[in-house]
Amino acid sequence: MNPMTSRLLPSFCTLTLILSTGLVQAHSAEDHSQHASQAKPLIASQGTEVKFVDVPLIDQNGRPVRLQQDLLSDRIVLMGFIYTSCTTVCPLVSSIMGKVQKQLGARAGREVQLVSISIDPQRDDPQRLLDYSRKFQAGPGWSWLTGSPSAIKATLKGLGSGDGDLKNHAPLILVGDGKSSHWTRFYGFTDPAVLLKEIDRLTPPRRSSGPTAIAQESHHEIY
């Protein structure tokens, strides 16, 4: 190696290191920005008619249930949509519902029914749902539902909660009265206190109605 090359080599190595570090940082920033955008999905607001389809479903204990008849009936309902292999949106939605359940105490299962519906029925059998539920459920009054692909598809369509597309699954929680038309959609990762306030608002005596409800739209940011 000639003297000129030996003098230039350290400078060249330093420049290469600087450029490489810059590229890594830029790539890292881009990756994080993509993750952030996925964490806060943007969903347009629109009025939706909610219909409870009378199809057979199965809970986490393997028991057959009918959504409207067996779970909603005369209770206030907190409902979310998950699948057990989800590692982003679903654990956060389930955690929020778990916090609400703890705050409800003895009211859960009596006045208020929590429902989580799997949008991946081909993989989420009752045993998988039971194992998953143990991470979030603090007591009775929370049903985790699956069923045949056709039954789940009909249920999701009736509730206006998508078609079971796992890639475009967004955070959504429904709160409503099983005996009235008072339902509210909460998009995003909603503060449990907001959900509890809505539940308390619906707790006074409720009027009877059919199994069809109009959902009001509400948007909330990550808390």
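- One finds the CG atom of Asp54 at 7.0 Å from the CD atom of Gln69 (value rounded to the nearest 0.5 Å).
- Closest approach of Gln101 and Ala108 over heavy atoms only: CG-CB, 4.1 Å.
- Between Phe52 and Trp183, the ring planes lie tilted relative to each other; the angle falls in the 30° to 60° range.
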Before giving the answer on side-chain hydrogen bond (donor to acceptor under 3.5 Å, both in side chains), spell out for Ser133 and Gln60 the whole-Å C-alpha distance, their side-chain angles and the decisive distance to 0.1 Å.
CA-CA 8 Å; Ser133 71; Gln60 72 271 30; 5.0 Å; no
Output, in order, the C-alpha distance, side-chain angles, deciding distance and verdict of side-chain contact (heavy atoms from CB on, under 4.5 Å) for Ile152 and Leu57.
CA-CA 8 Å; Ile152 292 295; Leu57 300 173; 3.9 Å; yes
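- By the 4.0 Å N-to-carboxylate-O rule, Asp200 lies close enough to Arg107 to be salt-bridged with it.
- With rounding to the nearest 0.5 Å, the separation of CZ in Phe136 from CD1 in Ile96 is 11.0 Å.
- Of all the heavy atoms in Pro126 and Gly62, the pair that sits closest is CB-N, 3.9 Å.
- Residues Met97 and Ser116 have side chains in contact (heavy-atom distance under 4.5 Å, counting atoms from C-beta outward).
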If you apply the rule side-chain contact (heavy atoms from CB on, under 4.5 Å), what do you find for Glu111 with Ile76, and how did you get there?
CA-CA 6 Å; Glu111 298 177 14; Ile76 304 299; 5.6 Å; no
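- Taking hydrophobic clusters as Ile, Leu, Val, Met, Phe, Trp and Tyr residues chained together by side-chain heavy-atom distances below 4.5 Å, Leu156 shares a cluster with Met79.
- Asp120 is listed as a side-chain neighbour of Leu166, based on a closest heavy-atom distance under 4.5 Å.
- Screening Leu129, Thr146, Ile119, Ile117 for a side-chain contact (heavy atoms from CB on, under 4.5 Å) with Tyr83, the sole residue that qualifies is Ile119.
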Would you sort out whether Asp125 and Arg128 count as a side-chain contact (heavy atoms from CB on, under 4.5 Å), showing the intermediate values?
CA-CA 5 Å; Asp125 59 17; Arg128 283 188 68 139; 3.3 Å; yes
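- Annotation for Gln122 and Pro149: closest pair CG-CG, 4.0 Å, computed over non-hydrogen atoms.
- Residues Thr88 and His169 fail the side-chain proximity criterion, which asks for heavy atoms closer than 4.5 Å.
- When all heavy atoms of Pro171 and Val93 are compared, the closest pair comes out as CB-CG2, 3.9 Å.
- A side-chain donor-acceptor contact under 3.5 Å links Asp124 to the backbone of Thr84.
- Side-chain contact between Tyr132 and Ser85 is absent, with no heavy-atom pair separated by less than 4.5 Å.
- Of the inter-residue distances, the one linking Glu198 atom CD with Leu78 atom CG reads 10.5 Å to the nearest 0.5 angstrom.
- Tracing side-chain contacts under 4.5 Å through hydrophobic residues (I, L, V, M, F, W, Y), one reaches Val53 starting from Val115; they form part of the same cluster.
- Rounded to the nearest 0.5 Å, atoms CD1 (Ile58) and CZ (Arg63) are 12.5 Å apart.
- The nearest pair of heavy atoms linking Val100 to Leu195 is CG2-CD1, 4.0 Å.
- At a threshold of 4.5 Å between non-hydrogen side-chain atoms, the residues Ser148 and Pro121 do not count as touching.
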Go through the steps to decide whether Ser143 and Gln113 satisfy the test side-chain hydrogen bond (donor to acceptor under 3.5 Å, both in side chains), and finish with yes or no.
CA-CA 8 Å; Ser143 293; Gln113 178 67 40; 3.3 Å; yes
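- Considering CG of Leu114 and CG of Leu104, their distance stands at 6.5 Å, rounded to 0.5 Å.
- Going from atom CG of Leu145 over to atom OG1 of Thr155 covers 8.5 Å, rounded to the nearest 0.5 Å.
- Remark: the Ser118 side chain and the Trp144 side chain contain no N/O donor-acceptor pair separated by less than 3.5 Å.
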Determine, stepwise, if the pair Phe81 / Leu174 fulfils side-chain contact (heavy atoms from CB on, under 4.5 Å).
CA-CA 9 Å; Phe81 306 89; Leu174 289 175; 4.1 Å; yes
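- Pairing each heavy atom of Pro56 with each of Ala151, the nearest pair is O-CB, 3.6 Å.
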